[in-house]
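Structure, as structure tokens:
Counting starts at 1 for both ligands and their atoms, following the listed order.
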Amino acid sequence: MRIKISLIPANSHRPSSPAITPKPPPPTHFPKCPPMSPFTDLTTPSHPAAPHQSRRRKTNFKIGNLRLSPNILRRVHLRAIAPSRSLLPTQTPSPYFQTKPPNPHQTPKTHTPSTLTHKRTHSQPQQHPIDHFPTPAYLYSSAALSRKTIMPTASPCAIVIFGASGDLAQRKLIPALYEMAREKLLSDHAYIVGFARSPMSDEQYRKESYDAVMKFARTKPVDETILKSLINRLHYFQGDYGSTDVHQKLSETLTAYDDQYGNNEKNRLFYLSTPPSTFEPIITCLGQRAMDPKTNPQSRFKRLIIEKPFGTDLATAKALNALIHKYFDENQVFRIDHYLGKETVQNLMVMRFANSIFEPIWNYKYIDHVQITVSESLGVGSRGGYYDKSGATRDMIQNHIFQLMALVAMEPPAALDAISIRDEKTKVYKSVRPIRPEQVDSYTVRGQYTAGEWAGQKSAGYLKEKDVPADSRTETFAALKLYIDNWRWSGMPFYIRTGKFLEQKLSEVVVRFRSPPQTLFQKQCESPVYPNDLVIKIAPEEGISWRLNGKVPGGTMNIKSVALDFLYKTAFKVEAPEAYERLIYDAMTGDQTLFIRGDEAEAAWAVIDPIEQGWRESKRLPDPYAPGSWGPKRSLDLIEHDGRRWMQSKDGESEPIVACSL
Ligand code: BG6
């Protein structure tokens with residue numbers, strides 16, 4: 001878990017001379033604070049102190065054993081993105097963690113040794129490593145206060161990427177490791193071994209990786225010194241994923257590199273960026289060799305990152321979990337969903353739980369419905385082979401979209417730790433009202449794109465794509481209407497849709513509030529006054545937009561929907577890190593908050609399975625839709641028959657000015 005500290009200029013809150021500061025008038029009332037939330041635990045007292053009460057309130061601020069005076073708090077604004085476990089209330093371990101006796105090689109409970117080097121340049125010597133996450137005493141030392149953010153360099157480790165020559169490794173993983181090296185988050189003693197089946201020399205692999213960083217790095221121009229230093233720590237390892245002999249050789253090779261690069265703790269991070277069919281042989285061989293407690297018994301950590309898809313249904317996800325748990329403890333396993341690494345997705349929790357305005361209205365009483373759209377403007381391109389076995393629902397809904405839905409719908413977690421947050425998300429999936437196979441035609445729509453050209457890509461139609469069978473019924477578009485049967489969301493629909501070759505690339509969550517009661521404007525306007533929307537923009541724009549009603553200037557009382565926008569790029573003026581940078585770093589530091597827990601993946605599949613079954617049994621074929629449209633007509637009907645409409649849809653008119661005769 002990680003805490004960021006940002007400094008608020010001391011003098012922006014503190015008068016330069018107390019003598020000339022007018023005494024504030026005694027307050028007539030004090031604003032109410034949100035209830036204790038995971039954020040308020042760490043940053044604020046449960047009730048705000050009136051200025052004249054600050055002396056009495058002083059003792060209310062506590063982190064661990066450290067008492068913090070309001071003066072310090074005024075200068076330091078703690079941004080608790082992922083707090084240290086030591087700062088959190090002790091949690092009862094979820095039963096999910098009690099499936100196996102403790103393994104001596106499991107992830108240590110505390111943070112791994114880290115070096116606080118965020119502001120250090122490469123040439124400076126490393127500072128003394130600290131064994132745990134910075135203590136409160138450290139956080140408030142002058143050294144810490146002089147930093148804008150604290151992100152300790154992760155411990156040295158061997159990073160083994162299975163599927164090294166694949167697209168993901170070259171486009172995302174190696175560039176992410178470069179960015180981490182640039183930000184001093186990757187240890188100079190970490191090294192990378194790319195493992196794949198095709199033969200390649202170290203030199204070729206280094207050249208490919210160099211080119212990949214030059215092309216895909218998030219920050220340009222690329223710092224050649226840092227890149228070369230990283231490239232020099234890159235090796236290629238060729239072999240059969242399912243051979244224990246090869247894995248034995250891999251283990252020996254890693255031990256030799258440990259000495260060469262100074263990975264004294266023999267830490268291991270295995271990244272499975274391979275097709276799902278290879279998971280079983282790789283995990284088995286890792287379990288029998290590198291993960292065997294007898295191999296490098298002194299290793300501080302050995303962890304596994306697994307790319308999606310995690311299974312293809314509930315049964316396969318369970319089988320995969322069972323295989324993993326044969327060799328790994330759950331706290332060594334990092335099931336990745338890159339959506340959770342996106343800043344805007346993480347901001348969903350901050351928005352909900354660090355702002356008191358939302359909680360009272362965040363339920364079916366005030367919200368009419370939630371709609372989630374994750375659309376892409378390109379077709380499947382060359383990925384037909386993979387995609388046809390997956391389809392839009394397994395590829396996007398079971399993971400990315402469900403994560404968005406869970407973050408919108410979940411209850412406030414008891415704390416910001418991996419157990420509490422993942423417990424709450426799992427409860428959301430378990431509360432989804434099942435769509436029975438015979439109900440799929442009423443609650444779901446699936447589609448397939450036809451021939452056409454859009455966004456510079458031409459296609460003869462999905463059924464003609466490379467590696468796609470001509471009679472495929474795989475959906476390239478899916479829309480669902482779901483209900484979450486709990487007290488908060490009772491009877492309120494969540495509409496979700498995703499697809500390839502749609503009008504635009506867009507990921508957004510729209511929370512549409514109920515209309516104002518039928519009074520005042522409603523009575524006198526020609527058409528109903530539009531309800532408010534909270535639009536959470538994930539991509540390509542990143543931010544939040546509140547749509548409110550405003551009076552159009554002029555003599556008549558005309559009303560128009562206007563937006564209050566918060567956009568990341570203008571509000572913070574910093575570029576957000578790529579999802580993979582954050583996620584690889586978290587895996588290295590042992591923070592599982594932004595990864596999917598095994599039972600969470602299973603609960604999500606339990607929602608999808610009956611839908612897939614219904615589609616298999618249904619006589620209805622996927623509805624055709626043209627590239628560049630918003631999907632099949634039935635997906636518009638799915639929501640419009642309920643008297644609602646998608647926020648983005650070509651056929652829907654934009655909301656006009658509402659004319660009122662007052
Ligand atoms: C991947 C899917 O997980 O997410 C792809 O397999 C999809 O089919 C991609 O294109 C979308 O990710 P993003 O971050 O571009 O929205």
Side-chain angles (χ1 to χ4, degrees), residues 163 166-173 175-176 216 218 271-277 279 305-312 334-348 372-405 407 446-449 454-457 459 462 465-468 474-478 496-509 536-542 568 575-584 594-596 601 604-605 608 627 631 648:
D167 196 49
L168 180 75
Q170 294 296 309
R171 290 174 75 95
K172 297 287 181 187
L173 305 186
F216 299 115
R218 173 173 60 87
Y271 196 125
L272 265 61
S273 143
T274 47
S277 57
F279 288 176
I305 301 183
I306 309 183
E307 263 297 333
K308 67 174 268 276
F310 191 83
T312 50
F334 295 74
R335 295 173 196 78
I336 216 162
D337 181 323
H338 77 276
Y339 266 55
L340 287 179
K342 293 180 190 259
E343 282 290 330
T344 34
V345 176
Q346 293 163 44
N347 188 46
L348 257 166
I372 304 177
T373 298
V374 179
S375 57
E376 294 181 89
S377 54
L378 296 179
V380 299
S382 57
R383 292 174 77 219
Y386 153 77
Y387 195 85
D388 197 63
K389 292 190 194 70
S390 166
T393 311
R394 292 187 174 114
D395 188 45
M396 299 294 286
I397 295 183
Q398 187 271 346
N399 35 70
H400 307 325
I401 296 187
F402 271 13
Q403 286 299 320
L404 297 177
M405 182 179 78
L407 291 170
R446 56 182 173 152
Q448 247 177 15
Y449 60 79
W454 188 251
Q457 201 181 67
S459 168
Y462 178 68
E465 296 285 15
K466 189 170 167 279
D467 299 328
V468 173
T474 300
E475 77 287 359
T476 57
F477 174 96
I496 60 188
R497 63 175 175 171
T498 184
K500 301 274 185 201
F501 245 152
L502 297 182
E503 203 209 66
Q504 49 174 290
K505 178 149 177 70
L506 176 85
S507 301
E508 72 177 22
V509 177
I536 301 155
K537 296 165 184 257
I538 292 152
E541 283 201 319
E542 301 183 322
Y568 266 77
E575 210 192 314
E578 257 280 321
Y580 283 95
E581 296 168 35
R582 169 74 197 254
L583 294 173
I584 296 174
L594 300 178
F595 294 85
I596 319 280
W605 277 122
I608 297 298
Q648 309 281 349

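The closest side-chain heavy-atom distance from Gln648 to Arg497 is below 4.5 Å.
Closest heavy-atom contact between Gln448 and Thr476: CA-OG1, 3.2 Å.
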Requested in this report: Step by step, work out the side-chain contact (heavy atoms from CB on, under 4.5 Å) result for Ile336 and Phe595.
Outcome: CA-CA 5 Å; Ile336 216 162; Phe595 294 85; 3.8 Å; yes
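Looking at residues two or more places apart in sequence or on another chain, you find no ring pair (Phe, Tyr, Trp, His ring centres under 6.0 Å) involving Phe310. Not counting sequence neighbours, Tyr271 has no partner by the ring pair (Phe, Tyr, Trp, His ring centres under 6.0 Å) test. Contacts of Tyr449 classified as ring pair (Phe, Tyr, Trp, His ring centres under 6.0 Å), with partners at least two apart in sequence or in another chain: Tyr462, Phe501.
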Please give the N or O to N or O pairs under 3.5 Å between ligand 1 and the protein, distances rounded to 0.1 Å.
unit_1	atom_1	unit_2	atom_2	d
ligand 1	3 (O)	Lys308	NZ	2.8
ligand 1	3 (O)	His400	NE2	2.7
ligand 1	4 (O)	His400	NE2	3.4
ligand 1	6 (O)	Lys308	NZ	2.9
ligand 1	6 (O)	Arg383	NH2	3.0
ligand 1	6 (O)	Asp395	OD1	2.6
ligand 1	6 (O)	Asp395	OD2	3.4
ligand 1	8 (O)	Arg383	NH1	2.8
ligand 1	8 (O)	Asp395	OD2	2.6
ligand 1	8 (O)	Lys500	NZ	2.8
ligand 1	10 (O)	Glu376	OE1	2.5
ligand 1	10 (O)	Glu376	OE2	3.3
ligand 1	10 (O)	Lys500	NZ	3.3
ligand 1	12 (O)	His338	NE2	3.2
ligand 1	14 (O)	His338	NE2	2.8
ligand 1	14 (O)	Lys342	NZ	2.7
ligand 1	15 (O)	Lys505	NZ	2.9
ligand 1	16 (O)	Tyr339	OH	2.5
ligand 1	16 (O)	Lys505	NZ	3.2

